[in-house]
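First the structure, in the form of structure tokens, and then the observations on it.
Every number for a ligand or one of its atoms is a count from 1 in the order of the listing.
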Amino acid sequence: MKNVLIAPSILSGNFAAMGEDVLDMARIGADWIHIDVMDGVFVPNLTFGFKMISDLRPISDMFFDAHLMIADPIRYVERFVKSGAQLVSFHYEAEKDIDGALDIIKKSGCKCGLAINPDTPVDVIAPYLHKLDLILVMSVFPGFGGQKFIDGSLERIKQAAELRDKYAPNALVEVDGGVNEGNAADIAAAGADVIVAGNAVFGASDRKKAVDILRKGKNL
Ligand code: DX5
Ligand code: ZN
């Protein structure tokens, strides 16, 4: 199987020691840090905002992948870019002016991504593909870590990868939710380039081993 990037989600880390968790992810060789921002409106949960990211920024040069699960993200995307995220994704379902929000992120010199919920048809991303650096395919309904990977997500990852190959060959396909050692190889084979993992990394007794297995496939 091809090598994928592993993006541990600090949603599953210790909120009283986020800096230590980020440093730990760098130490074990994780590729990106996935930062789940929730507003209690778009999703029924609350996490943290841009101050968290700007406070974490000086302690590590890791790639910060901010996943905004917030209503009307256009109001805040610029502040997330300024906080030090290298990539800012928001949800198709949460924003009326998708082009406008993508343009703000890009103009600020940041990479941009568009996320789609499990019940949103994959082809809604088509009009935006030429602008996207990343397509974020949710394999659970956003809001909480530790949920089960939804059946049928592999097919959606394949669809996203096909659209990417045709219209946005430089964009990455990221998969988020319910990834574990048992399904990571199939997710990569379906076309994922970046795999988000919360519980599978932070819940593991050996986090480095968990990242290595997710990246290389169980049998390697
Ligand atoms: C869900 C978040 C995910 C979540 C993944 O709303 O966007 O990033 O933290 O956690 P696991 O890997 O435990 O499903
Ligand atoms: Zn996420």
Spatial distance of atom [atom1] ([X]) from atom [atom2] ([Y]) [nearest 0.5 Å]:
X    : Y    : atom1 : atom2 : value
L68  : Y76  : CG    : OH    : 11.5 Å
L102 : D133 : CG    : CG    : 9.5 Å
L56  : K51  : CG    : NZ    : 10.0 Å

Could you give the N/O to N/O pairs under 3.5 Å linking ligand 1 and the protein, each with its distance?
unit_1: ligand 1; atom_1: 6 (O); unit_2: G143; atom_2: N; d: 2.7
unit_1: ligand 1; atom_1: 7 (O); unit_2: D36; atom_2: OD1; d: 3.0
unit_1: ligand 1; atom_1: 7 (O); unit_2: H67; atom_2: ND1; d: 3.3
unit_1: ligand 1; atom_1: 7 (O); unit_2: D176; atom_2: OD2; d: 2.9
unit_1: ligand 1; atom_1: 8 (O); unit_2: H34; atom_2: NE2; d: 3.4
unit_1: ligand 1; atom_1: 8 (O); unit_2: D36; atom_2: OD1; d: 3.2
unit_1: ligand 1; atom_1: 8 (O); unit_2: D36; atom_2: OD2; d: 2.7
unit_1: ligand 1; atom_1: 8 (O); unit_2: D176; atom_2: OD1; d: 2.6
unit_1: ligand 1; atom_1: 8 (O); unit_2: D176; atom_2: OD2; d: 3.0
unit_1: ligand 1; atom_1: 9 (O); unit_2: S9; atom_2: OG; d: 3.1
unit_1: ligand 1; atom_1: 9 (O); unit_2: D36; atom_2: OD2; d: 3.1
unit_1: ligand 1; atom_1: 12 (O); unit_2: G198; atom_2: N; d: 2.7
unit_1: ligand 1; atom_1: 13 (O); unit_2: G146; atom_2: N; d: 2.8
unit_1: ligand 1; atom_1: 13 (O); unit_2: N199; atom_2: N; d: 3.0
unit_1: ligand 1; atom_1: 14 (O); unit_2: G178; atom_2: N; d: 2.8

Inset, instruction - For the residue pair D36 and S9, confirm or rule out a side-chain donor-acceptor distance under 3.5 Å. - result: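 D36 vs S9: donor-acceptor pair found between side chains.
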Inset, instruction - Verify the distance criterion only: is there a donor paired with an acceptor across the side chains of H67 and D65 at less than 3.5 Å? - result: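 Absent: no donor and acceptor within the cut-off.
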Inset, instruction - Could you tell me whether K106 and D103 make a salt bridge, using a distance below 4.0 angstrom between a side-chain N and a carboxylate O? - result: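 Looking at K106 and D103, the cut-off is not met.
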Legend entry - D151, CG atom: more than 12 neighbouring heavy atoms under 6.0 Å: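 At most 12 heavy atoms, drawn from other residues, nucleotides or ligands, come within 6.0 Å of this atom.
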Legend entry - Pi-cation contact, F64 with R57 (under 6.0 Å, within 45°):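 Output yes; distance and angle both within limits.
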Legend entry - Sphere of radius 2.8 Å around the Zn ion (ligand 2) - protein N, O or S atoms inside: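 The answer is H34 NE2, D36 OD1, H67 ND1, D176 OD2.
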Legend entry - Near-ring test Y167/H130, centroid separation under 6.0 angstrom: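 Ring centroids of H130 and Y167 are no less than 6.0 Å from each other.
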